[in-house]
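Please read the structure below before turning to the comments.
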Amino acid sequence: MDRIVLTGGGTAGHVTPNIALIPHLIEKGYEIHYIGTKNGIEHNLISQYNDVTYHSVQSGKLRRYRDIKNLTDPFKVIYGVGQSASIIRKLKPSIVFSKGGFVSVPVVIGAWMNHIPVIVHESDITPGLANKIATKFAKKVCTTFPETVDHFKDGKAEYTGTPIRRELLEGSAKKGLEICQFNGQKPVLMIMGGSLGAVAVNNCIRDIIKKLINRFNVIHICGKGNIDEKYNDLQGYAQFEYVSDDLPHLMAAADIIVSRAGANSIYEFLALKKPCLLIPLPLSASRGDQILNAKSFEKQGFSKVLMQEDMNIDTLYISILDLYNNKNKYIQAMSKQDHANSLDKILSIIDQYAKE
């Protein structure tokens with residue numbers, strides 16, 4: 001039996017592609033281990049899988065900005081490298097697959113120290129700092145966007161797309177409506193802010209929520225700690241902090257989606273053919289990767305884009321109505337894409353390097 005180590009964490013976006021791979025790796029006969037942090041979101045998400053053995057290591061966040069923790073976090077990374085190298089030495093896996101995030105850096109270096117081949121998956125158009133470091137130790141880089149291949153030299157990168165969770169494609173719209181206590185007489189608008197929420201989007205949506213529920217039933221996934229109790233009894237509006245098992249049903253029920261522009265989420269919308277209004281994180285709060293993701297999807301005809309600096313109660317409301325009125329145009333463009341091929345490509349690359 002081949003043994004594989006998966007890693008990635010910090011946000012759900014660095015974990016969900018690994019989750020998408022797990023059932024297929026099990027079918028192929030792999031013994032699966034996951035290395036992440038003790039308190040990260042990856043631990044909560046992966047602990048649900050009885051067929052995956054979880055190992056905790058230390059890691060520090062890699063920052064481009066000044067912070068007092070920049071003095072201590074490098075030592076956490078170094079300690080995590082030692083921990084990871086020790087775990088991998090004992091496991092002797094055939095392959096390590098890294099999805100990114102700061103926890104992945106010590107794991108990838110630990111694998112390299114043990115001469116274990118590493119495959120890195122980059123979600124965004126331009127690689128993040130953690131993956132810029134990790135790819136130096138990798139045999140292969142899989143990319144979500146075709147534009148990303150040009151950022152890597154020596155033919156190391158290959159455009160594969162991103163794996164989509166099997167259960168996401170098996171949601172029931174009827175069950176989604178029942179969960180929200182909607183009667184199905186209005187189209188459904190879903191708002192997603194990512195696993196950490198999106199305060200600016202949340203606030204603007206709530207400023208126009210009474211106008212929206214005249215036209216739509218609204219599902220609002222607002223992030224941990226962002227529930228507003230004064231809206232709990234508002235008919236036609238269902239709010240959730242975070243959704244896991246029921247997400248496929250809620251997404252199946254949605255006619256259109258308003259979201260940030262994290263690469264994994266928008267590729268899930270693409271696979272489900274859900275027209276989306278993307279509001280990427282602004283440069284003031286990110287390195288600009290979501291802006292590039294959103295512009296790429298807009299160029300391909302998959303989504304409409306509203307920049308956060310242009311967002312107000314009027315532009316948001318008008319953009320949502322425009323998206324809904326033109327939803328068939330976006331669905332037609334999305335229907336030309338084959339998401340299943342992405343999963344097959346990545347599994348083939350894993351098999352290739354595991355056998356080597």
Side-chain angles (χ1 to χ4, degrees), residues 12-13 16-17 19-21 23-24 123-125 143-147 159-180 182 184 186-194 212 215-221 238 243-280 290 293-306 319-346:
T16 50
I19 290 174
L21 289 172
H24 301 277
S123 288
D124 295 309
I125 289 181
T143 73
T144 295
F145 294 89
E147 299 97 319
Y159 166 54
T160 60
T162 197
I164 303 297
R165 290 169 286 171
R166 177 189 289 169
E167 60 269 24
L168 203 65
L169 306 173
E170 299 172 349
S172 163
K174 181 180 178 182
K175 189 169 183 179
L177 293 174
E178 290 173 354
I179 291 167
C180 299
F182 295 158
K186 292 180 181 178
V188 175
L189 163 66
M190 175 183 247
I191 297 99
M192 298 178 65
L212 287 173
R215 303 286 298 268
F216 303 95
N217 286 147
V218 179
I219 300 170
H220 190 179
I221 303 175
V243 181
S244 180
D245 293 344
D246 288 334
L247 184 61
H249 307 307
L250 299 185
M251 291 184 75
D255 293 282
I256 59 172
I257 296 174
V258 175
S259 175
R260 287 301 196 192
N264 296 310
S265 294
I266 65 177
Y267 263 85
E268 290 175 347
F269 306 155
L270 174 58
L272 293 168
K273 301 176 181 59
K274 299 293 180 179
C276 46
L277 172 64
L278 301 180
I279 307 172
Q290 287 200 10
N293 296 348
K295 292 297 185 183
S296 176
F297 260 47
E298 183 179 49
K299 183 180 178 180
Q300 296 176 78
F302 302 153
S303 68
K304 184 176 178 66
V305 175
L306 175 63
S319 295
I320 289 171
L321 292 186
D322 182 72
L323 177 71
Y324 180 73
N325 291 335
N326 292 286
K327 65 182 186 301
N328 291 334
K329 177 184 72 172
Y330 296 104
I331 293 171
Q332 187 176 8
M334 291 175 157
S335 298
K336 298 175 182 177
Q337 296 294 309
D338 181 10
H339 68 86
N341 194 36
S342 299
L343 184 65
D344 292 338
K345 281 183 180 178
I346 292 170

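The first residue of the sequence shown is numbered 1, and numbering continues consecutively from there. Note that these values count all heavy atoms, side chains included, but never hydrogens, waters or copies made by symmetry.
Here the shortest heavy-atom pairing between K345 and Y159 reads NZ-O, 3.6 Å. For the residue pair S296 and I125, the shortest heavy atom distance occurs at CB-CD1, 3.7 Å. Closest approach of G184 to N217, counting heavy atoms only: N-OD1, 4.5 Å. When all heavy atoms of P275 and I331 are compared, the closest pair comes out as CG-CG1, 3.7 Å. Contact detail for C180 and I219: the closest heavy-atom pair is SG-CG1, 3.7 Å. Closest approach of L321 to F216, counting heavy atoms only: CD2-CE1, 3.9 Å.
Using a 4.5 Å cut-off on side-chain heavy atoms (C-beta onward), S319 and K304 make contact. Here the side chains of T144 and D124 are not in contact, with every heavy-atom distance at 4.5 Å or above. Side-chain atoms of I164 and L343, non-hydrogen and from C-beta on, never get closer than 4.5 Å to each other. With contacts defined as side-chain heavy-atom distances shorter than 4.5 Å, the pair S303/I266 does not qualify. No side-chain heavy atom of S342 sits under 4.5 Å from any side-chain heavy atom of T162. Counting heavy atoms from C-beta outward, P280 and N293 have side chains that stay 4.5 Å or more apart.
The CD atom of E167 sits 8.5 Å away from the CG atom of L169 when rounded to the nearest 0.5 Å. Note that CD of Q290 and CG of L278 are 9.0 Å apart. Values are rounded to the nearest 0.5 Å. Interatomic distance, I320 CD1 to L212 CG, rounded to the nearest 0.5 Å: 5.0 Å. Note that the CD atom of Q332 and the NZ atom of K329 stand 10.5 Å from one another [nearest 0.5 Å]. The OH atom of Y330 sits 7.5 Å away from atom CD of E298, with the distance rounded to the nearest 0.5 Å.
In K186, the NZ atom is crowded: over 12 heavy atoms of neighbouring residues, nucleotides or ligands sit closer than 6.0 Å. Within 6.0 Å of CD on E147 lie more than 12 heavy atoms contributed by other residues, nucleotides or ligands.
A cation-pi contact links K327 to Y324, judged by a cut-off of 6.0 Å to the six-membered ring centre and 45° from its axis.
A salt bridge (Lys or Arg N to Asp or Glu O under 4.0 Å) check over residues 263-278, counting only residues at least two apart or in different chains, returns the pairs R165-E268.
Here the side chain of R166 pairs no donor or acceptor atom with the backbone of A20 at under 3.5 angstrom.
Taking the ring centroids of F145 and Y267, they lie under the 6.0 Å cut-off.
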Under 3.5 Å, which donor-acceptor pairs do the side chains of residues 244-257 form with other protein atoms, sequence neighbours left out?
unit_1: H249; atom_1: ND1; unit_2: S172; atom_2: N; d: 3.0
unit_1: D255; atom_1: OD2; unit_2: V188; atom_2: N; d: 2.7

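Residues meeting the ring-ring contact (aromatic ring centres under 6.0 Å, His included) test with F302, sequence neighbours left out: F297.
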